[in-house]
J.: 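Pasting in a structure now, in structure tokens, and then I'll have a few things to ask.
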Number of protein chains: 4
Amino acid sequence: MSVNKVILVGNVGKDPEIRHLDSGVAVANFPLATSETYTAKNGEKVTTTEWHNIVLWRGLADVAEKYVTKGRQLYIEGRIRTRSYDDKDGNKRYTTEIYGDVMQLLGSAPGNQSSGGGNSSNTSQQASAPSSQVNEPDFSEPEGDEDLPF
Amino acid sequence: MSVNKVILVGNVGKDPEIRHLDSGVAVANFPLATSETYTAKNGEKVTTTEWHNIVLWRGLADVAEKYVTKGRQLYIEGRIRTRSYDDKDGNKRYTTEIYGDVMQLLGSAPGNQSSGGGNSSNTSQQASAPSSQVNEPDFSEPEGDEDLPF
Amino acid sequence: MSVNKVILVGNVGKDPEIRHLDSGVAVANFPLATSETYTAKNGEKVTTTEWHNIVLWRGLADVAEKYVTKGRQLYIEGRIRTRSYDDKDGNKRYTTEIYGDVMQLLGSAPGNQSSGGGNSSNTSQQASAPSSQVNEPDFSEPEGDEDLPF
Amino acid sequence: MSVNKVILVGNVGKDPEIRHLDSGVAVANFPLATSETYTAKNGEKVTTTEWHNIVLWRGLADVAEKYVTKGRQLYIEGRIRTRSYDDKDGNKRYTTEIYGDVMQLLGSAPGNQSSGGGNSSNTSQQASAPSSQVNEPDFSEPEGDEDLPF
DNA sequence: TTTT
DNA sequence: TTTT
């Protein structure tokens, strides 16, 4: 009886870190920035940036490893997950992450532009970037991550 | 050039706390629970609950003060906001909140049910609880689909 | 590289019609109403109702058959689909439907209310209506926010 | 008590048509394509395209007039609206449109790419494309279209 | 009528 | 730590 849905369009802050659990399951982590601009009372434009901790599993982690790079514009659909951990002093801390269920690579890679950003040398692979969201005709349910310790 | 959107349907964990800033602006805070159930490897059903810190401003805070009570089912549309604060030891901590932009009171107040939750004695005001955004349809039959092959 | 997503919270206009394709696949169709109220220039409140043609497949059609009745409040997440058909005069017509991917039964059945809507006599089955996706939280107090400055 | 929300990421099929009502209010209309790809039983990849009739009002229509061109990738958030009209034979027909409330220009204009699409000569103005979604600090409500005949 |  |  509930819904926990997040929709983000933003820019990747760092190249993803990819880990593999002992089970072999791939996990990708990276920050995604969204920005809001408003006009303050004094007429000045103010931009605030929100950083989201994105976590992707399995197939989406693989797509991230291949195609997601710093600066890339992304659409992410997922859910909010707050987990606790113990910090170095043994105190309980909380961190909130976005578990992505759908990802779309938007626009083109920043290195593709003539404006000279130039931090990417992998231009060619963008051309073959597959959609990360595929609709199967048999409507099989998306696989869960029930057995994962998160 | 970005989107930061959250859509939640869940149940209120505590009656809202209402504060008023020096400017007179009202702010409401309350936790909202969303739950997921999945079947573990051993076949057992497992439910995990996610708690969201909801923050409402101005008019929505007023609506919350009047109509939002513990147990109430809500639709919240808003955005994610992570802010930092200093804990009692002077260490920087982060907390993630959902700033609500749209709220809909769903179903009926829990005190209305015969199931005896019974933490609410304000049943009557729920009956007249106005929608915070739109009204109920009148359930007149949808017109104009008589000749359509549905 | 695209997104086609619809999120609706509304009320069911008619009991669903259930069909079974030759392949045995179940399909449910029913109208869902969403309403908007605004204040016209003359200060009068005006409500407009939008009717959505909902289409559910397979497991969701089965849930609809069991638990969705006229008047019921639903959350539907899905996508827009416009299809063409030939009308009785052989002209091409178009109809737009919402293919539901997620459904949540909200609130309680209308027959449960004391307010006398009374178009439903199947109260008892609603009481045991399971969530079509997740469970209810247990309303244990959210833990871990005692020391946070909310 | 209802929600009618659409979220689209797609490509513009034609340059927008801009009209001005007698009241001076600007209206923009254009088609937006979203595509789904799935693998059929025979292993073949099949892509289906859905065309959405986008309608933008006032300020968003002005932004569309300046920055939206054929081929452009857009994020649109809005609501579904089905309206009736009489066709040339006096029969009642229905058409479904998406009234956009938020628009984000994604990626870069197609004419910017070195791949030579080249239907756009307005490259420079993209650089100064303002965000179409501005958050004001005073949280003023978005202006409605109450007085419009739709 | 778009795009990959 | 991103982007316009």
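Note on naming: letters A, B, ... go to the chains in the order of the sequence lines (proteins, then strands), and numbering restarts at 1 for each one. For the numbers below, each heavy atom of this structure counts, side chains included, while hydrogens, waters and symmetry mates do not.
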J.: Do the side-chain N and O atoms of A:T47 and A:S35 include a donor-acceptor pair separated by under 3.5 angstrom?
T.: no
J.: D:T49 has a side chain; which of E:dT2, F:dT2, E:dT1 sits nearest to it?
T.: E:dT2
J.: Could you state the NZ-P distance from D:K45 to E:dT4, rounded to the nearest angstrom?
T.: 16 Å
J.: Considering residues at least two apart in sequence or located in another chain, which fulfil the salt bridge (charged side-chain N to carboxylate O under 4.0 Å, His left out) criterion with A:D89?
T.: none
J.: Once you round it to whole Å, what is the distance between P of E:dT4 and CG of D:L74?
T.: 14 Å
J.: Can you tell which of E:dT1, E:dT3, F:dT2 lies closest to the side chain of A:K70?
T.: F:dT2
J.: On DNA chain F, compare the nucleotides closest to A:T47 and A:W51; which residue's is nearer the 5' end?
T.: A:W51
J.: So that I can tick it off, tell me whether B:R79 and B:D101 are bridged by a salt bridge, with the cut-off set at under 4.0 angstrom between side-chain N and carboxylate O.
T.: yes
J.: Rounded to whole Å, please give me the gap between OH in C:Y94 and C1' in E:dT1.
T.: 12 Å
J.: Which of these nucleotides, F:dT3, E:dT2, F:dT1, is closest to any side-chain atom of A:P31?
T.: F:dT1
J.: Nearest-Å distance, CG (A:N11) to P (F:dT4)?
T.: 7 Å
J.: Rounded to whole angstrom units, what separation is found between the OH atom of D:Y38 and the P atom of E:dT4?
T.: 21 Å
J.: Check salt bridge (charged side-chain N to carboxylate O under 4.0 Å, His left out) between D:D62 and all other residues, then give those that pass, not counting sequence neighbours.
T.: none
J.: Distance check needed: F:dT3 P versus D:Q73 CD, whole Å only.
T.: 17 Å
J.: Could you check how far CD1 of A:I98 sits from C1' of F:dT1, rounded to whole Å?
T.: 17 Å
J.: What's the OH-P distance between A:Y67 and E:dT4, to the nearest Å?
T.: 15 Å
J.: So if I take every side-chain heavy atom of D:K14 and compare against F:dT2, E:dT3, E:dT1, which nucleotide ends up nearest?
T.: E:dT1
